Participant: 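Below: one structure in structure tokens.
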Amino acid sequence: MGAAMVVNVCVLRSGGEYGPEHVQWLARQVPGIVCLSDVDVPGIEVVPLEYNWPGWWSKTELFSGSIAGDLMFYDLDTVVLKPLEMPDRTTVLRDFCKPSRMGSGLMYIAEQDKDVVWNAWLEDPTGHMARCGRRGDQMFLDRYIGSAQKWQDIAAVYSYKEHCRTGLPADAVVVCHHGKPRPWQVDKPWIPKLF
Amino acid sequence: MEVACVLRSGGQYDASHVEGLKKQVAHYMPDAHFVCLSDVEVPCERIPLVTDWPGWFAKIELFEAFKGQTLYLDLDTVLVADPSSMMNGYFQMCRNWVHPHLMTSAVMAWNGDYSHITRAFAEVSDRVMRDYVTLEQWGDQAFIAERAGKIFCFAGGDVISYRLQMRDRRGGVRMHRPPVGAKIVAFNASCPPWDGPKWARQWW
């Protein structure tokens with residue numbers, strides 16, 4: 001019987017709208033989070049990205065095995081109000097706007113599910129990126145882990161735009177922003193300030 | 001928050017080592033409640049050990065005694081900053097500095113009832129104390145890691161090893177001061193902090 005190790009993790013690919021300050025903001029809510037990144041983030045343990053896939057495509061490196069154990073992944077624009085109860089299997093979001101699709105903004109990735117995704121991805125990264133286009137990593141991942149358990153069925157995980165415009169639900173554990181406005185563009189007492 | 005330590009008498013640690021840790025906690029965590037699980041008198045609040053589990057196996061009594069937000073510290077750890085911000089609400093242990101797939105129990109944190117670990121150990125204690133003597137399955141820490149459920153590791157820079165990270169392989173000094181960001185420095189029996197550099201031994 002071995003240890004069931006879980007690592008809180010996020011991904012930062014430089015050159016886009018996110019920077020080290022957003023990782024530090026998330027880390028104040030998720031102490032000890034590890035960041036897969038191509039840049040240093042002061043005060044944060046960084047595991048280097050090994051490939052140069054742009055933007056959200058870098059999230060596929062979560063499946064490479066470069067960080068051992070189960071992974072609890074948070075998008076950088078996630079508000080974490082309380083510790084999520086960790087599931088016993090891979091768990092993804094049900095897309096808040098199109099519920100037949102999965103969302104990749106909050107994922108529990110069980111160690112044993114990494115390989116099938118990673119091997120499929122490595123067969124043709126360029127082709128996958130071209131085929132998925134603006135639907136991004138979520139469209140690619142949907143084929144492999146889209147049928148996994150959904151966060152919304154096991155925890156009080158909400159969308160800012162769909163559920164929090166008029167107030168925070170009392171039982172909220174995590175709020176996903178999935179697009180604009182980002183958390184630091186909104187002045188709410190329950191959202192930590194960026195600086 | 002409760003900060004806990006364990007002293008089982010008869011080994012190389014005694015109440016004076018509890019005193020040193022108590023001073024550090026008072027300095028860096030003035031609002032914390034410092035408690036020692038022990039079978040002898042100590043210079044702080046004490047909860048008596050109730051089993052005869054020897055040495056580090058006595059640490060397994062912690063989970064019966066502490067069921068709120070708790071930070072556990074070995075007696076040979078040294079605080080160099082307030083460690084409160086490294087606790088994430090889950091069960092946390094240190095990653096072994098040499099074998100990162102293994103866990104170390106020098107520093108642990110939890111928030112909730114993990115007394116099932118203590119109860120499970122009580123049922124198999126003889127076998128575990130006899131068999132958990134290999135690298136892959138070593139002592140109390142292997143048993144705790146197996147039974148705690150989901151475990152998160154402290155971030156690599158939060159808890160550092162004096163012997164493995166601050167000294168070189170020949171025992172010379174690699175770092176004169178703990179790196180920025182470090183919160184706890186773990187020493188070990190062969191090189192305890194009260195025989196260590198001034199920033200560490202000042203507490204004893």
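Here the structure is a predicted model, which is why all the values come from computation and not from measurement. The chains referred to below are lettered A, B, ... by the order of the sequence lines, with proteins before strands, and numbering in each begins at 1.
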Participant: Given a strict heavy-atom distance threshold of 4.5 Å, which part of Met103(B) is in contact with chain A: side chain, backbone, both, or neither?
Facilitator: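 Contact with chain A: side chain only.
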Participant: Is it the case that the side chain of Glu45(A) and the backbone of Gly156(B) share a donor-acceptor pair, with hydrogens and angles ignored and the cut-off at 3.5 Å?
Facilitator: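 Answer holds: yes.
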Participant: Side chain, backbone, both or neither: which part of Tyr90(B) has a heavy atom under 4.5 Å from chain A?
Facilitator: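 For Tyr90(B), the contact with chain A is made by the side chain alone.
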Participant: At a heavy-atom separation under 4.5 Å, does Met93(B) approach chain A through its side chain, its backbone, both, or neither?
Facilitator: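 It is neither, since no heavy atom gets under 4.5 Å.
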Participant: For Gly89(B) and Pro83(A), work out which heavy atoms get closest and say how close.
Facilitator: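 Scanning both residues, the minimum pair turns out to be CA-CG, 4.2 Å.
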Participant: Within a reach of under 6.0 Å around CZ of Arg143(A), are more than 12 heavy atoms found that belong to other residues, nucleotides or ligands?
Facilitator: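 Count not over threshold, so no.
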Participant: Report the C-alpha separation of Arg95(B) and Val7(A) in whole Å, then their side-chain angles, then the decisive distance to 0.1 Å, and conclude whether the side chain to side chain contact (heavy atoms under 4.5 Å, CB included) test is met.
Facilitator: CA-CA 11 Å; Arg95(B) 197 186 286 274; Val7(A) 182; 3.9 Å; yes
Participant: Within the structure provided, determine whether Met86(A) and Phe152(B) are in side-chain contact (heavy-atom separation under 4.5 Å).
Facilitator: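 In contact.
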Participant: Can you give me the closest heavy-atom contact between Ala155(B) and Gly32(A), atom names plus distance?
Facilitator: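 Shortest heavy-atom contact: CB-CA, 3.8 Å.
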Participant: Is there side-chain contact between Cys153(B) and Met5(A), with heavy atoms separated by less than 4.5 Å?
Facilitator: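 When only atoms from C-beta onward are counted, Met5(A) and Cys153(B) do touch, with a gap below 4.5 Å.
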Participant: Evaluate Val6(A) against Ile151(B) for side chain to side chain contact (heavy atoms under 4.5 Å, CB included), listing each step before the verdict.
Facilitator: CA-CA 6 Å; Val6(A) 188; Ile151(B) 297 172; over 6 Å; no
Participant: Is it the case that more than 12 heavy atoms not belonging to Lys188(A) sit under 6.0 Å from its NZ atom?
Facilitator: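 Yes, enclosed.
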Participant: A side-chain contact here means heavy atoms from C-beta on lying under 4.5 Å apart; do Lys150(B) and Asp70(A) qualify?
Facilitator: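 Counting from C-beta outward, Lys150(B) and Asp70(A) do come under 4.5 Å.
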